[in-house]
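Accompanying notes for the structure given below.
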Amino acid sequence: MLAIIVTMFVAIEHLGIMALEIFGNPAQQAKAFDLPLKFTQQHEAQVSFANQGIYNGALGAAIIASYWLFSGATLVLVWQMLLAFVMVVALFGALTATKKIILIQFLPALIAFFTYISLKHKKKIAMQGFAAISFF
């Protein structure tokens, strides 16, 4: 359950980032992304923000939509793949834009990703225990 909650948090967060990038005003964008206001007021910067917003929105929508499109192990694999994408993009963003992306985007995705790995490991151990019990 925790894994689903954190994964949905990542999805909703990306929809929020999309809204900021596409519909936010230059002052909000400058504050959120640690950029000079003069830069965010430029037409080219606004076009770039909108383009980035589409990608963030697509990631968020894909995470949410996959909940209804897949189930079981397939859902977990799809979510792990999408969370891995989020982590790679967040690391790139932290290196090129602002370090706070590590806390805002990377960390929640990392927590969700490792929660699924932990669940897989626990299930594997439980299944091994079940197999040992049924052997007797």
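Computed from a prediction, not measured in an experiment: that's the story for all the values here.
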Q. So, for Met8 and Tyr67, which heavy atoms are closest and what is the spacing to 0.1 Å?
A. CE-CB, 3.7 Å
Q | Residues clustering with Tyr55 (ILVMFWY side chains joined when closer than 4.5 Å, directly or via others) | A | none
Q) If we ignore angles and hydrogens, is there a donor and acceptor under 3.5 Å between the side chains of Gln46 and Gln41? A) no
Q. So how far is it from Ile12 CD1 to Ile17 CD1, rounded to the nearest 0.5 Å?
A. 12.5 Å
(Q) Is there a path of hydrophobic side-chain contacts, each under 4.5 Å between heavy atoms, that joins Val89 and Met81? (A) no
Q.
For a 4.5 angstrom cut-off between non-hydrogen side-chain atoms, does Trp79 reach Ile63?
A. yes
Q. If you measure from CD1 on Ile111 to OG on Ser118, what distance do you get to the nearest 0.5 Å?
A. 12.5 Å
Q: Output the rest of the hydrophobic cluster of Phe23: all Ile, Leu, Val, Met, Phe, Trp and Tyr residues reachable through side-chain heavy-atom contacts under 4.5 Å, sorted by chain and number.
A: Met18, Ile22, Ile54
Q.
Starting from Leu110, can I reach Leu91 by hopping between I/L/V/M/F/W/Y residues whose side chains sit under 4.5 Å apart?
A. yes
Q) Which ILVMFWY residues can you reach from Phe33 by hopping between side chains whose heavy atoms are under 4.5 Å apart? A) Leu20, Leu35, Phe39, Phe49
Q: Indicate the atoms forming the closest heavy-atom contact of Pro108 with Glu13, along with that distance.
A: CG-OE1, 4.2 Å
Q: Using a 4.5 Å cut-off on heavy atoms from C-beta on, say whether the side chain of Lys31 contacts that of Leu37.
A: no
Q: Kindly indicate, with the supporting measurements, whether the criterion side chain to side chain contact (heavy atoms under 4.5 Å, CB included) is fulfilled by Asn56 and Gln105.
A: CA-CA 11 Å; Asn56 278 307; Gln105 287 179 278; 3.8 Å; yes
**Q.** Backbone of Ala50 reached by a side-chain donor or acceptor of Glu21 within 3.5 Å
**A.** no
Q. Which atom names give the shortest non-hydrogen contact between Val10 and Ala109, and what distance separates them?
A. CG2-N, 3.7 Å
Q: Decide whether Thr7 and Tyr116 meet the rule of one side-chain donor and one side-chain acceptor closer than 3.5 Å.
A: yes
Q: Return the minimal non-hydrogen interatomic distance between Ala11 and Ile64, and the atom names on each side.
A: CB-CG1, 3.6 Å
**Q.** From CA spacing to verdict: side chain to side chain contact (heavy atoms under 4.5 Å, CB included), Val86, Leu82
**A.** CA-CA 6 Å; Val86 169; Leu82 292 170; 5.7 Å; no
Q.
Assigning hydrophobic clusters by single linkage (Ile, Leu, Val, Met, Phe, Trp, Tyr; side-chain heavy-atom cutoff under 4.5 Å), is Ile5 placed with Leu59?
A. no
Q | Atom pair CD (Gln29) and OG (Ser48), whose distance is rounded to the nearest 0.5 Å | A | 10.0 Å
Q.
Can you tell me how far apart CG (Leu103) and NZ (Lys100) are? Round to the nearest 0.5 Å.
A. 10.5 Å
Q. Hey, any chance Phe70 and Leu77 share a hydrophobic cluster, counting ILVMFWY side chains that come within less than 4.5 Å of each other, even indirectly?
A. no
**Q.** Spatial distance of atom CE (Met1) from atom CG (Leu119) [nearest 0.5 Å]
**A.** 12.5 Å
Q. About how many Å separate CD1 of Ile4 and CG of Leu75, when rounded to the nearest 0.5 Å?
A. 7.5 Å
Q: Please lay out, stage by stage, how Phe106 and Ile101 fare under the test side chain to side chain contact (heavy atoms under 4.5 Å, CB included).
A: CA-CA 7 Å; Phe106 181 81; Ile101 291 175; 5.7 Å; no
Q) Got a donor-acceptor contact below 3.5 angstrom from the Ser66 side chain to the Ala62 backbone? A) yes
Q: Keeping the roles fixed (side chain from Thr115, backbone from Ala3), state whether a donor-acceptor pair exists under 3.5 Å.
A: no
